[in-house]
Amino acid sequence: FYQLFCCVVFTRYFIFMLPALALPKERTFGPDMYRKSIIKLLTTALLTTSSTAQHQPFSGLPNQSLETPFYGQHVGCASADINGDGAIDLIFAAGRHWVDQSYALINLGPEYDEWGEFRGVRFSEALPIGPPGAYYQIDVSSSSKSDGVTHYSTVLLVGGTCHVEEPNSFGSCKKGENTPARVVEVSMSTNEAGGCSIHEPDAECHLEYTEVWEHPNPKGDRNGGFAMFDDQKVVALVGQG
């Protein structure tokens, strides 16, 4: 359900954001066709991770499976331009009831086969966001600090309750322990500063984050997101239960 819900919300968000996507000028694959294909492609890719995939509701559309990094305990997802190149990137919350690593996939633009046919979207390797933990949901907001060298974003990670005590490479948690909600500031080098982008897909992707807030009294499995008031104040809303 989470993946299907995320997919629907993400697709609606994508429809409005994709006009900002820049495309390589030497390609004859039209922008309108690419925008429609990438919406269908990423919708299909997210749906293939859910039980609804067996029904193949989008069987006639481009199908691209996204890799599952780390331990695969992915619950929440969000989309935003976090490297400042105008293309929409993906971020995922991970952990749920165990310890896992939340991460970002940077959109590096379309890929084509030897005949010039669109074959999918190229993404970066998984870039860790925030400390490992049992996270349920993730959201992202832009930051006014961004300049021509560094692009900043603010990311909310909403925690859950530990059910699995088995340790992994990220550590372990005690049953009943609650991962706190955290806000981290994410920074990435822009295309002008040599960072990876749809314009420079082979450049190194360098993401850094700094924790700026941690909920002092977390309880239960939570959900949350950013909300804007008066078109300027952005606050993090966290629901506990």
Side-chain angles (χ1 to χ4, degrees), residues 6-7 9-46 61-67 69 77-92 101-130 138-155 184-210 226:
C6 171
C7 175
V9 173
F10 172 73
T11 303
R12 293 185 63 185
Y13 184 81
F14 228 78
I15 292 173
F16 292 101
M17 295 302 295
L18 272 170
L21 261 166
L23 295 169
K25 294 182 179 179
E26 67 273 12
R27 296 294 185 183
T28 57
F29 191 80
D32 289 337
M33 185 181 296
Y34 174 59
R35 290 168 190 156
K36 292 177 181 177
S37 295
I38 196 171
I39 292 171
K40 297 173 183 177
L41 167 70
L42 291 176
T43 303
T44 306
L46 289 175
L61 306 179
N63 191 339
Q64 177 180 350
S65 296
L66 303 180
E67 292 186 6
C77 67
S79 59
D81 176 13
I82 63 173
N83 63 340
D85 64 353
I88 301 302
D89 310 302
L90 303 179
I91 58 173
F92 294 84
Q101 177 64 63
S102 301
Y103 64 96
L105 296 178
I106 304 302
N107 182 349
L108 301 178
E111 287 189 304
Y112 304 88
D113 60 24
E114 59 267 37
W115 297 283
E117 295 292 327
F118 175 66
R119 53 179 292 195
V121 178
R122 178 180 173 183
F123 288 101
S124 70
E125 63 181 358
L127 305 175
I129 291 183
I138 193 167
D139 199 10
V140 59
S141 175
S142 60
S143 172
S144 60
K145 290 178 58 177
S146 299
D147 52 38
V149 176
T150 305
H151 190 82
Y152 293 92
S153 303
T154 305
V155 172
V184 297
E185 183 179 71
V186 173
S187 61
M188 291 197 69
S189 298
T190 63
N191 175 67
E192 291 78 4
C196 67
S197 69
I198 58 172
H199 311 292
E200 297 291 342
D202 296 320
E204 181 180 1
C205 293
H206 185 63
L207 183 152
E208 294 183 348
Y209 63 84
T210 303
F226 287 114

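Values below: all heavy atoms of this structure, side chains included; hydrogens, waters and symmetry mates excluded. This chain uses plain numbering: 1 for the first residue, then up along the sequence.
- Within the 4.5 Å cutoff, the side chain of Tyr209 has no heavy atoms near those of the Val155 side chain.
- Heavy-atom neighbours of Glu125 CD from other residues, nucleotides or ligands within 6.0 Å: at or below the threshold of 12.
- When all heavy atoms of Phe226 and Thr154 are compared, the pair lying nearest together is CE1-O, 3.3 Å.
- In terms of the salt bridge (Lys or Arg N to Asp or Glu O under 4.0 Å) criterion, Glu208 has no residue partners (sequence neighbours excluded).
- Residues Val140 and Ala78 share a closest heavy-atom pair of CG1-CB, 4.5 Å.
- Take Glu111 and apply the side-chain contact (heavy atoms from CB on, under 4.5 Å) test, not counting sequence neighbours, and it matches Arg119, Arg122.
- Classification of the Tyr112-Phe118 ring pair by plane angle, with boundaries at 30° and 60°, yields perpendicular.
- A distance of 9.5 Å separates CG of Asp81 from OG of Ser142, quoted to the nearest 0.5 Å.
- Under a 3.5 Å cut-off, the side chain of Thr190 and the backbone N or O of Gly148 do form a donor-acceptor pair.
- Contacts of Glu200 classified as side-chain contact (heavy atoms from CB on, under 4.5 Å), with partners at least two apart in sequence or in another chain: Asn191, Ser197, Ala203.
- Counting all heavy atoms, side chain and backbone alike, Met188 lies closest to Cys196 at CE-SG, 4.3 Å.
- Distance CD1/Ile91 to OG/Ser102: 9.0 Å, rounded to 0.5 Å.
- Separating the CG atom in Asp85 from the CD1 atom in Ile106 is a distance of 8.0 Å, to the nearest 0.5 Å.
- One distance of note links NE2 of His199 with CG of Leu108; it measures 11.5 Å at 0.5 Å rounding.
- Distance check, rounded to the nearest 0.5 Å: NE2 of His206 to OG of Ser187 gives 7.0 Å.
- Within the model, atoms OH of Tyr152 and CG of Asn83 stand 14.5 Å from one another, a figure rounded to the nearest 0.5 Å.
- For the pair Ala193 and Ser189, the tightest heavy-atom approach, listed with the atom from each and the gap, is CB-CB, 4.3 Å.
- In this structure the side chain of Ile82 reaches within 4.5 angstrom of the side chain of Leu207, judged on heavy atoms.
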